[in-house]
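Read the structure below first, then the notes.
The first residue in the sequence is number 1, and the count goes up from there.
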Amino acid sequence: TTTTTTDMIMSRRPELNRRPRGSSGTSSIPTTLYIYSFMAFLLGVATCSTIFGMYMAHHKIVDISEATTVSAEFLNAAPPALSSTEVKKNHPPGATDASTLSSDTNTHAIMANQRVLVAIAAFNFDQLNSLEESLEGFRALGETGAIVEVVIHTTEPYSVSLIDLLNTRMYYGHDGGGSFKIRIIVVCPDVRLHLVDFHRSLFYEHLEKFDLFIYLEDDMRVNPTLVANYLAETERVKKLVGAKDATNYNIGITRYEYNFPFDIIIDDNTRLQTANATRVYWEHSQGRPMFEKVADEIENPLLSNEYFTMRNNHQGMFLATKELLRAWKAKAGCEFHVATNRPGLKNKPSQPAEGTQRVWMSSVMLYGRKHCGVTQLLPAKSFGKMNVHHIPNKNYRRVGRKGRMGGYGKDAREALDWDNGPVSKIGPSSALVRAIEFHYDMRKNFPFDFKKNGRYAGIEMINSVDPNQRCRGKDNFGERLLQRMSAYERYVKSGGILTAADMTQYP
């Protein structure tokens with residue numbers, strides 16, 4: 001007999017996949033069985049329809065397309081309380097006591113039931129891609145158990161299509177604890193640069209309804225870890241200096257970008273060009289050494305062993321608890337609740353003396369010594385948690401140019417041509433402060449460890465390579481493996497202390 005291709009394929013299939021056949025090739029399944037199966041199917045459909053109807057009757061679906069303005073019901077209503085069964089035992093409601101909170105505390109434990117009001121200034125759609133990422137970060141914050149309300153101030157009415165698209169990403173319809181809402185406030189475009197002022201009145205009008213307030217521009221992504229760490233470190237400062245003196249300080253953030261090569265389109269052929277790209281703190285490229293020209297020690301001895309501050313305190317955002325906002329309102333010479341104009345030059349007031357209006361409202365008014373005089377604090381041990389990605393990833397290109405940071409003297413590069421883009425293909429400036437470079441200087445000034453209960457509790461590295469195996473790794477892989485595993489074992493035994501020898505190898 002001849003074996004057909006079909007027979008060969010069928011012979012390879014598991015027996016369960018083969019259709020049982022009688023001598024005539026028709027199904028041997030009784031007709032009554034089909035009838036019973038069909039009746040069971042109809043009964044199932046009827047049951048599901050009933051349950052779905054009951055669910056819809058008790059769960060009204062609300063989306064952000066219903067809210068182009070902030071309603072009194074939205075901001076004045078008390079946040080929905082979670083039932084006792086929804087709140088885990090280690091999730092204390094509201095603000096957590098300093099004695100139980102640290103930067104090592106679980107993010108969910110810190111954020112559960114925290115009421116967070118976020119204000120984002122997004123003038124138009126020029127940075128829509130960045131705004132989308134920013135919203136994703138706060139959407140994730142709602143998943144931690146926090147009650148998050150986001151208000152977007154804009155001069156552009158959103159299309160229903162955009163709102164519907166965002167609904168598919170942002171709609172929070174489950175009952176697993178926490179919540180997330182977005183409201184869009186459309187204002188007259190004539191406000192121009194003063195769009196950044198609107199958050200101030202919003203925060204103070206609803207001061208007692210929320211625990212934490214976050215203002216930011218529309219091109220940064222804030223993750224839940226940063227927010228939780230802010231609360232943990234804020235409580236830490238209160239514990240160290242007392243609640244009253246703690247209002248003179250605020251935990252800050254540091255923005256970063258990636259120093260990708262200039263004028264290179266990243267594709268399959270050029271992807272290796274990003275091998276040396278790393279985080280850079282472009283706003284802090286004032287020179288070396290870091291803790292003489294970039295960062296300063298804290299004068300208060302109660303804080304100086306754990307915190308430092310940046311000389312350039314611009315952040316593009318700030319976080320504040322309601323206790324801090326209340327104190328800054330009453331502080332002499334501050335009046336933080338009032339949105340004021342940025343200072344101008346004495347002989348030419350139209351030109352800013354200490355930064356533009358957005359710089360003034362996000363940072364300088366709060367941290368400037370001539371103004372509110374609040375000291376920005378950056379925690380050394382959890383500094384990386386307080387890093388925020390500046391999504392456009394373009395400002396690092398300014399560093400080293402004439403008239404820009406690092407662009408002075410004989411080594412200054414040609415100025416940027418704002419009409420035609422960069423005038424040369426010179427790569428990123430060597431003046432840029434790389435993350436690892438700053439980390440080394442910070443570790444020299446803050447020799448902390450990563451111990452928990454007396455033992456190292458940081459990242460683990462395991463050597464799974466068979467010593468008898470001949471590996472084809474490049475650049476003396478075997479030698480490098482043994483050397484780095486030996487360094488790691490020493491690092492673990494010390495509890496996580498970086499040595500001078502360790503600082504010669506990266507990555």
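Using a cutoff of 4.0 Å between basic side-chain nitrogens and carboxylate oxygens, R311 and D296 are scored as salt-bridged. With respect to the salt-bridge test (charged N to carboxylate O, under 4.0 angstrom), the residues R169 and E132 qualify. The pair R490-D502 counts as a salt bridge, with a side-chain nitrogen and a carboxylate oxygen less than 4.0 angstrom apart. Ion pairing of E217 with R358 is present here, as a side-chain N (NZ or NE/NH1/NH2) and a carboxylate O approach within less than 4.0 Å. For R288 and E437, the salt-bridge test passes: some basic side-chain N is under 4.0 Å from an acidic carboxylate O. Using a 4.0 Å cut-off between charged side-chain N and carboxylate O, E235 and K239 make no salt bridge.
Between Y488 and Y456, the ring planes lie perpendicular to each other; the angle is over 60°, past the 30° to 60° tilted range. Ring orientation note: the planes of F125 and Y158 are nearly perpendicular, at an angle over 60° on the 30°/60° scale.
Distance alone, capped at 3.5 Å, is enough to place a donor-acceptor pair between the R480 side chain and the D475 backbone. Y215 places no side-chain N or O within donor-acceptor distance of the main-chain N or O of G316, the cut-off being under 3.5 Å. Listed for the K381 side chain is no donor-acceptor partner under 3.5 Å among the backbone atoms of E306. Between the side chain of N305 and the backbone N or O of P301, no donor-acceptor pair lies under 3.5 Å. Under the 3.5 Å distance criterion, the side-chain polar atoms of S362 are left unmatched by any main-chain donor or acceptor of Q315. Using modelled atom types, one side-chain atom of R139 and one backbone atom of M170 make a donor-acceptor pair closer than 3.5 Å. A donor-acceptor pair under 3.5 Å is formed between the side chain of R200 and the backbone N or O of M361. Side chain of S494 to backbone of I497: a donor-acceptor contact under 3.5 angstrom is found. A donor-acceptor contact shorter than 3.5 Å links the side chain of T504 to the backbone of A501.
Annotation for G495 and D449: closest pair O-CB, 3.4 Å, computed over non-hydrogen atoms. For the pair A232 and I110, the tightest heavy-atom approach, listed with the atom from each and the gap, is CB-CD1, 4.1 Å. Scanning all heavy atoms of the two residues, the minimum distance from L366 to N250 falls at CD2-ND2, 4.1 Å.
Side-chain rings of F291 and F308 approach one another, their centers coming within less than 6.0 Å. Two rings, from H390 and Y256, have their centers 6.0 Å or more apart. In this structure, the ring of Y249 has its center no less than 6.0 angstrom from the ring center of Y307. Remark: aromatic rings of Y367 and F318 are distant, center separation not under 6.0 Å. In summary, the aromatic rings of H337 and W328 are positioned with their centroids too far apart to meet the 6.0 Å limit.
The shortest side-chain heavy-atom distance between Y230 and K385 does not fall under the 4.5 Å cut-off. A heavy-atom distance below 4.5 Å is found between the side chains of L216 and V222. The shortest side-chain heavy-atom distance between I214 and F203 does not fall under the 4.5 Å cut-off. Contact check for I391 versus M220: no side-chain heavy atoms found under the 4.5 Å cut-off. Counting heavy atoms from C-beta on, the side chains of I182 and L166 never come closer than 4.5 Å. Between V388 and T254 the shortest side-chain heavy-atom distance does not fall below 4.5 Å. Counting heavy atoms from C-beta outward, T234 and V237 have side chains that stay 4.5 Å or more apart. Under the 4.5 Å side-chain criterion, counting only non-hydrogen atoms from C-beta, L202 is in contact with V151.
Dense packing is recorded around CD of E208, with more than 12 heavy atoms of other residues, nucleotides or ligands lying under 6.0 Å away. Crowding of N124 atom CG: a count of heavy atoms from other residues, nucleotides or ligands under 6.0 Å exceeding 12. Heavy atoms from other residues, nucleotides or ligands lying under 6.0 Å from CD of E297 number 12 at most. Summarising the local packing, CG of L207 is surrounded by more than 12 heavy atoms from other residues, nucleotides or ligands at distances under 6.0 Å.
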Do L135 and I152 pass the side chain to side chain contact (heavy atoms under 4.5 Å, CB included) test, and can you show the C-alpha distance, the side-chain angles, and the key distance before you say yes or no?
CA-CA 10 Å; L135 293 175; I152 301 172; 4.1 Å; yes

Is there a side chain to side chain contact (heavy atoms under 4.5 Å, CB included) between I147 and V116? Walk through the geometry before answering.
CA-CA 6 Å; I147 300 165; V116 185; over 6 Å; no

How far apart are the C-alpha atoms of M365 and T340, what are their side-chain angles, what is the distance that settles it, and do they pass the side chain to side chain contact (heavy atoms under 4.5 Å, CB included) test?
CA-CA 9 Å; M365 180 183 181; T340 56; 4.1 Å; yes

For E354 and H371: C-alpha separation, side-chain torsions, deciding distance, then whether side chain to side chain donor-acceptor pair (under 3.5 Å) applies.
CA-CA 11 Å; E354 300 178 63; H371 313 295; 3.0 Å; yes

Go through the steps for M386 and N229 under the test side chain to side chain contact (heavy atoms under 4.5 Å, CB included), then give the verdict.
CA-CA 8 Å; M386 303 309 297; N229 197 62; 3.3 Å; yes

Decide yes or no on ring pair (Phe, Tyr, Trp, His ring centres under 6.0 Å) for F446 and F383, but give the supporting numbers first.
CA-CA 11 Å; F446 297 91; F383 174 70; over 10 Å; no

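Taken to the nearest 0.5 Å, the CG atom of D211 stands 9.0 Å off from the CG atom of N113. L378 CG to M442 CE: the interatomic distance, rounded to the nearest 0.5 Å, is 10.0 Å. Distance CD/Q127 to OG/S130: 5.0 Å, rounded to 0.5 Å.
Side-chain contact check for Q357 and D197: at least one donor-acceptor pair (N or O, by modelled atom type) lies under 3.5 Å. Q505 and R484 share a side-chain donor-acceptor pair at under 3.5 Å. Counting only N and O atoms by type, the side chains of N313 and Q376 include no donor and acceptor under 3.5 Å apart. If you check the side chains of E233 and S382, you find a donor sitting under 3.5 Å from an acceptor. With 3.5 Å as the limit, one finds no donor-acceptor pair spanning the side chains of H389 and E257.
A cation-pi arrangement, defined by a distance under 6.0 Å to the six-membered ring centre and an angle within 45 degrees of its axis, is absent between R115 and F210. At least one test fails for R255 against the ring of Y281: distance under 6.0 Å to the centre or angle within 45° of the axis. Cation-pi geometry between R443 and F448 is satisfied (NZ or CZ under 6.0 Å from the ring centre, within 45° of the ring normal).
Here the rule is side chain to side chain contact (heavy atoms under 4.5 Å, CB included) with W282, and of V433, N393, N395 only N395 fits it.
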